[in-house]
There are 2 protein chains.
Amino acid sequence: MKKVLIADDEQDILDILQFNLEAEGYKVETANNGVIAIEKAKLFQPDLIILDVMMPGKTGIEVCSALRLLPSFKSTLIIFLTAMSDDTAEVRGLEIGADDYLKKPIRTKVLMSKVNSLFRRFSKEIDHNINLGELVINRENFSVRYKNEDINLARKEFELLSLLASKPSKVFLRNEILNQIWGTEVIVGDRTIDVHIRKIRQKLNLDCIKTVKGVGYKFEL
Amino acid sequence: MKKVLIADDEQDILDILQFNLEAEGYKVETANNGVIAIEKAKLFQPDLIILDVMMPGKTGIEVCSALRLLPSFKSTLIIFLTAMSDDTAEVRGLEIGADDYLKKPIRTKVLMSKVNSLFRRFSKEIDHNINLGELVINRENFSVRYKNEDINLARKEFELLSLLASKPSKVFLRNEILNQIWGTEVIVGDRTIDVHIRKIRQKLNLDCIKTVKGVGYKFEL
DNA sequence: TAAATATATTATCAAATTGTTAATGCCACT
DNA sequence: AGTGGCATTAACAATTTGATAATATATTTA
């Protein structure tokens, strides 16, 4: 189920959007100012954030640029709600990296179709990102970042890590790993997995892959 | 049958929710304040807890964080009922690890669909877990926790414990155990089981495996 | 109560499993 | 042809494990 965070200072708008989004099967959180929006975003890790530009305290634009600094929000979808006339907002929003705009007053149907189509368009990317606090794995770029540093993993290493990290603390049996990464056709030696695990542990320099002897490996922070 | 605990200080709400949940086939217990909620939760070991945030004495949030400290409530589903406007409650709830929210006034249908979908989503996890008060056995993670401490069991030990614990107070014959864990092909000596039992008892440091002389073993807390 | 039976405990050893390092072959790119 | 990175493997080290034998203790039976 996709998660959406809405931030707006008008309760009416929050209610209407929440109602409609939940009716479409999204999980919704709301915030009525920018500070709460940031807090909730960190906790809730939404797939989409709908931000009113004009909010007391922190504007939507400030919220957006604050979030974009965090690795886990690099690829979160963001939609701005702007007053009809406000052009500067649009320009600045673009610079920061908004994914879409909506001018008030909001036509619910328009919003819903934008939301749905954004998810349709980007659902692959969203599904392919794994976000674990300081560790961010991006399947599109084949990139791994830990504490804001890029870690260079070879292909098999990357596949292995992202398999394990896709379900933290689930133990993957050696066979499961072989099937997922090497397929059923290819047959590789006994020590192959270990060697890759070793390299990941070395490069990440972080004790996140635990051995479960006689069973397999699991990812745990 | 899934078990639900509802805590709210308004009797009306308790009645309505209980009626509806029971109609859907859930087993329901109620509590009209936070202290009772915690007591009942320990006894009843519900799969889902619905907590009103505003209760005299202990708030729902306090109840939640108190319970989350106990190992057997680490993965219990928790839904908060909040007043329409209360944002701080939401943020704090998220931090503590609520699974969903509901704003008052409650629409019964909305609640019921949330409850059902939560169970659909998490039923696998619930099934993978054996939850016995302070002892939690997770088959997916191959992990055993007792009093919030991870206990490291070897493979055979783990299999043996989770076999016995899967049906508390059922007596497993020695033959039954051999068949389940070693299979019918392998033949092992007479004392093998005892030695494994010994190791489990030692590592767990808890008298939960009883010997039934001349018959077998059983798990009992 | 003594003998018979069943289980507990301990230490020991072989087998199984995983970790580590370096070497090999492969491929892409120059 | 030469270089460098990658996947794999071989060879060996280190570790964990499971099973058993030997012995002690407990429980039942005669």
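To find a chain, count down the sequence lines: A is the first, B the second, and so on, and within it residues start at 1. Because the structure is predicted, anything quoted here is derived from the model rather than measured.
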Atom pair distance, as rounded to whole Å: [atom1] in [X] and [atom2] in [N]:
| X | N | atom1 | atom2 | value |
| --- | --- | --- | --- | --- |
| B:I200 | C:dT9 | CD1 | P | 13 Å |
| B:K210 | C:dA6 | NZ | C1' | 19 Å |
| A:N175 | C:dT17 | CG | C1' | 14 Å |
| B:L160 | D:dT17 | CG | P | 15 Å |
| A:L153 | D:dG5 | CG | C1' | 14 Å |
| B:K199 | C:dT12 | NZ | C1' | 11 Å |

Identify which nucleotide among [options] has an atom closest to any side-chain atom of [X], counting heavy atoms from C-beta outward.
| X | options | answer |
| --- | --- | --- |
| A:R198 | C:dT20, D:dC6, C:dT18 | C:dT20 |
| A:D194 | D:dT9, C:dT20, D:dA19 | C:dT20 |
| A:Y217 | C:dG19, D:dA19, C:dT10 | C:dG19 |
| B:T211 | C:dG19, C:dA8, D:dG18 | C:dA8 |
| A:V195 | C:dT20, C:dT7, C:dG19 | C:dT20 |
| A:R201 | C:dG19, D:dT20, D:dG18 | C:dG19 |

Sidechain N-carboxylate O distance under 4.0 Å for [X], [Y]:
| X | Y | value |
| --- | --- | --- |
| B:E95 | A:K42 | no |
| B:K3 | B:E29 | no |
| A:K210 | A:E220 | no |
| A:K58 | A:D52 | no |
| A:R155 | A:E159 | yes |

- Axis-to-axis angle across the helix from C:dT1-D:dA30 to C:dT30-D:dA1, five pairs each end, nearest 10 degrees, ~ 30°
Would you tell me if any nitrogen or oxygen in the side chain of [X] comes within less than 4.0 Å of OP1 or OP2 on [N]?
| X | N | answer |
| --- | --- | --- |
| A:H196 | D:dT8 | yes |
| B:W182 | D:dG18 | no |
| B:T192 | D:dG18 | no |
| A:R174 | C:dT18 | yes |

- Query: Once the angle between the rings of B:F119 and B:Y26 is folded into 0 to 90°, is it parallel (under 30°), tilted (30 to 60°) or perpendicular (over 60°)?
  - Reply: parallel
- Message: For C:dT17, does the base pair up with any side-chain atom of A:K213 as donor and acceptor (N or O, under 3.5 Å, distance only)?
- Response: yes
- Message: Set out, in order, the CA-CA distance, both residues' side-chain angles and the distance that settles ring pair (Phe, Tyr, Trp, His ring centres under 6.0 Å) for B:Y217 and B:F172, then state yes or no.
- Response: CA-CA 5 Å; B:Y217 295 93; B:F172 288 83; over 10 Å; no
